[in-house]
Participant: 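Supplied in structure tokens, the structure appears directly below.
What you see is a predicted model; the values in this text were computed from it and never measured.
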Amino acid sequence: MATQAAQAEGPPEPELLWEAGEDGVAKLTLNRPRAGNAITGSQREELIARLAGASADPRVRAVVLTGAGSRHFCTGADLAASVAPAEPPPPDLPDRPAGSVARAVAGGAQRLVSAVLDCEKPVIAAVNGTAAGIGCHLAYACDLVLAADNAKFIEVFVRRGLVVDGGGAYLLTRLVGPQRAKELVFFGDDLPAADAERIGLVNRVVPAGELAETAAAWASRLAAGPTVALGLGKRLINRALDGDRATVLAEEAMAAEINMTSEDGQEGLRAFLERRSPRFRGW
């Protein structure tokens, strides 16, 4: 009977939905609404691979990242999966070898956030509900953040006695400064979308019913732009606070050199000289 019921229900839905449109816009949807769109290990790995694939695919020129349902964008890592019991180690070995937590964070949440930051195409977060823990950082790592008016952001780590991870300190300090970052991390209070916009964590707050349409419009506009120049600009901005002035300016000059070897760079110049609108192709 159980087998027949399982067959009637059909195969489980994928944890991550990928839609690539002919307009160059790809949409990634975290698809675990019953679990608050909490991220599993396998889902994380697929998301990292999809973002790397988007970088290499000339047909993808912008990415939208959102969550399924209307309540949650992403409520963090799936802790139930991460603390699942494993086989006990041999009696002469420690339960948790030194460095195991650091390796887990570096190989997990930090890789995910880095995949968003390093994606060579613009990534828009369409935050459709609660973003908590790594869910916050997943949104903040995106190049543009749109939020529904019912969305909220929670640095939930302190509530669980945990130190902030997943690149949170790195991202928050750069986005809102050290004092505001400490307030968010130390207290872990709910941050409504309107307040997140006010302090600079969100680009724009829109009515929940308009979120998908607004994200699609922004993504379409980006997908019609000079993809190489946008990717290089993203890299320069993300690295602007990491190096000294000479290094940052040298990278900017090299980016300009690389961009002028692209077809879109040449098209931009031709269009300017011919006094017409450019027709960018994405390479």
Participant: Is there a path from Phe73 to Trp18 through hydrophobic residues (I, L, V, M, F, W, Y) whose side chains come within less than 4.5 Å of each other?
Facilitator: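 As far as the 4.5 Å side-chain criterion goes, Trp18 and Phe73 are connected within one cluster.
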Participant: Got a sec, which residues hit salt bridge (charged side-chain N to carboxylate O under 4.0 Å, His left out) with Arg111, two or more places apart in sequence or on another chain?
Facilitator: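 Salt bridge (charged side-chain N to carboxylate O under 4.0 Å, His left out) list for Arg111, sorted by chain: Glu45.
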Participant: Can a salt bridge be assigned to the pair Glu15 and Arg44 using a cut-off of 4.0 Å between side-chain N and carboxylate O?
Facilitator: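 No, no charged N to carboxylate O under 4.0 Å.
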Participant: Do any pairs count as a side-chain hydrogen bond (donor to acceptor under 3.5 Å, both in side chains) and have a residue in residues 189-199, sequence neighbours left out, and if so which ones?
Facilitator: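 Those involving residues 189-199 are Lys152-Asp190, Arg159-Asp190.
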Participant: Please check if the side chain of Asn37 supplies one atom and the backbone of Arg32 the other of a donor-acceptor pair under 3.5 Å.
Facilitator: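 Yes: the side chain of Asn37 pairs with the backbone of Arg32.
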Participant: Please check this pair: side chain of Asn259 against backbone of Ala229, looking for a donor-acceptor N/O pair closer than 3.5 Å.
Facilitator: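 Present.
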Participant: Decide yes or no on side chain to side chain contact (heavy atoms under 4.5 Å, CB included) for Arg281 and Asp264, but give the supporting numbers first.
Facilitator: CA-CA 6 Å; Arg281 304 176 64 188; Asp264 281 350; 4.1 Å; yes
Participant: Determine whether Leu30 and Leu17 fall in the same hydrophobic cluster, where Ile, Leu, Val, Met, Phe, Trp and Tyr are linked whenever their side-chain heavy atoms lie under 4.5 Å apart.
Facilitator: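 Unlinked, Leu30 and Leu17 end up in two clusters.
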Participant: Kindly say whether Ala148 contributes a backbone atom to a donor-acceptor pair with the side chain of Asn128 at under 3.5 angstrom?
Facilitator: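 No, the answer is negative, given that no donor and acceptor are paired below the 3.5 Å cut-off.
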Participant: Taking a hydrophobic cluster as the set of Ile, Leu, Val, Met, Phe, Trp and Tyr residues connected by side-chain heavy atoms closer than 4.5 Å, whether directly or through intermediates, do Leu138 and Leu191 fall within one such cluster?
Facilitator: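 Yes; tracing contacts between hydrophobic side chains, which count when under 4.5 Å, links both residues.
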Participant: Strictly below 4.0 Å, N to O, side chains only: are Arg174 and Asp242 in salt-bridge contact?
Facilitator: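 Here Arg174 pairs with Asp242 in a salt bridge, since their nearest N and O are under 4.0 Å apart.
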Participant: Return yes if some donor-acceptor pair links the side-chain N/O of Lys121 with the main-chain N/O of Asp57 below 3.5 Å, else return no.
Facilitator: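 Yes, because the side chain of Lys121 sits within donor-acceptor range (under 3.5 Å) of the backbone of Asp57.
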Participant: Would you say that more than 12 heavy atoms from the other residues, nucleotides or ligands in this model lie under 6.0 Å from the CE of Met254, or not?
Facilitator: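 It does not: Met254 CE has 12 such atoms or fewer within range.
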Participant: Check whether Leu162 and Val164 end up in the same hydrophobic cluster, where Ile, Leu, Val, Met, Phe, Trp and Tyr are linked by side-chain heavy atoms less than 4.5 Å apart.
Facilitator: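 Cluster IDs for Leu162 and Val164 match.
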Participant: Determine the minimum heavy-atom distance between Trp283 and Pro58, stating which atoms define it.
Facilitator: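 Looking at all heavy atoms of both residues, the closest pair is CE3-CB, 4.5 Å.
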Participant: If you apply the rule salt bridge (Lys or Arg N to Asp or Glu O under 4.0 Å), what do you find for Arg270 with Glu263, and how did you get there?
Facilitator: CA-CA 10 Å; Arg270 288 193 298 266; Glu263 172 60 28; 2.7 Å; yes
Participant: Which heavy atom in Cys142 sits nearest to a heavy atom in Val123, and how many Å separate them?
Facilitator: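 For Cys142 and Val123, the tightest heavy-atom pair comes out as CB-O, 3.5 Å.
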Participant: What closest approach, in Å, do Ala181 and Leu172 show between heavy atoms, and which atom pair accounts for it?
Facilitator: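 That would be CB-CB, 3.8 Å.
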Participant: What's the verdict on side chain to side chain contact (heavy atoms under 4.5 Å, CB included) for Val63 and Val116, showing C-alpha distance, side-chain angles and the deciding distance?
Facilitator: CA-CA 10 Å; Val63 178; Val116 181; over 6 Å; no
Participant: Specify the closest pair of heavy atoms between Ala35 and Thr75, including all atoms of both residues, with the distance to one decimal.
Facilitator: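 In terms of heavy atoms, the two residues are closest at O-OG1, 3.7 Å.
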Participant: Where is the tightest heavy-atom contact between Ser220 and Asp23, given as atom of each residue plus distance?
Facilitator: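 Closest approach of Ser220 to Asp23, heavy atoms only: OG-OD2, 3.4 Å.
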Participant: For the OG1 atom of Thr29 and the CG atom of Leu47, what is their distance to the nearest 0.5 Å?
Facilitator: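 Taking OG1 in Thr29 and CG in Leu47, the distance rounds to 10.5 Å.
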Participant: Determine, for Arg276 against Glu267, whether the closest basic-nitrogen to carboxylate-oxygen distance falls under 4.0 angstrom.
Facilitator: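 A salt bridge is present here (some side-chain N lies under 4.0 Å from a carboxylate O).
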Participant: Would you sort out whether Val113 and Ile134 count as a side chain to side chain contact (heavy atoms under 4.5 Å, CB included), showing the intermediate values?
Facilitator: CA-CA 8 Å; Val113 167; Ile134 188 62; 3.7 Å; yes
Participant: Taking the side chain from Thr66 and the backbone from Ala126, do they hold a donor-acceptor pair closer than 3.5 Å?
Facilitator: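 Flag set: sc Thr66 to bb Ala126 pair under 3.5 Å.
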Participant: For residues 138-149, pull every pair meeting side-chain hydrogen bond (donor to acceptor under 3.5 Å, both in side chains), keeping only residues two or more places apart or in separate chains.
Facilitator: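 Only Asp143-Lys234 qualify under side-chain hydrogen bond (donor to acceptor under 3.5 Å, both in side chains).
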Participant: Using atom types as modelled and distance alone, determine if a side-chain donor or acceptor of Asn203 lies under 3.5 Å from a backbone N or O of Leu146.
Facilitator: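 Not confirmed, Asn203 side chain does not pair with Leu146 backbone.
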Participant: If we ignore hydrogens and angles and just use 3.5 Å, is the side chain of Arg71 paired with the main-chain N or O of Gly36 as donor and acceptor?
Facilitator: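 Here the side-chain-to-backbone pair does not exist.
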Participant: Please determine whether residues Leu211 and Val145 belong to a single hydrophobic cluster, defined as Ile, Leu, Val, Met, Phe, Trp and Tyr linked transitively by side-chain heavy-atom distances below 4.5 Å.
Facilitator: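 In one cluster with Leu211: Val145, no.
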Participant: Determine the minimum heavy-atom distance between Val60 and Ala26, stating which atoms define it.
Facilitator: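 Nearest heavy atoms, Val60 then Ala26: CG1-CB, 4.0 Å.
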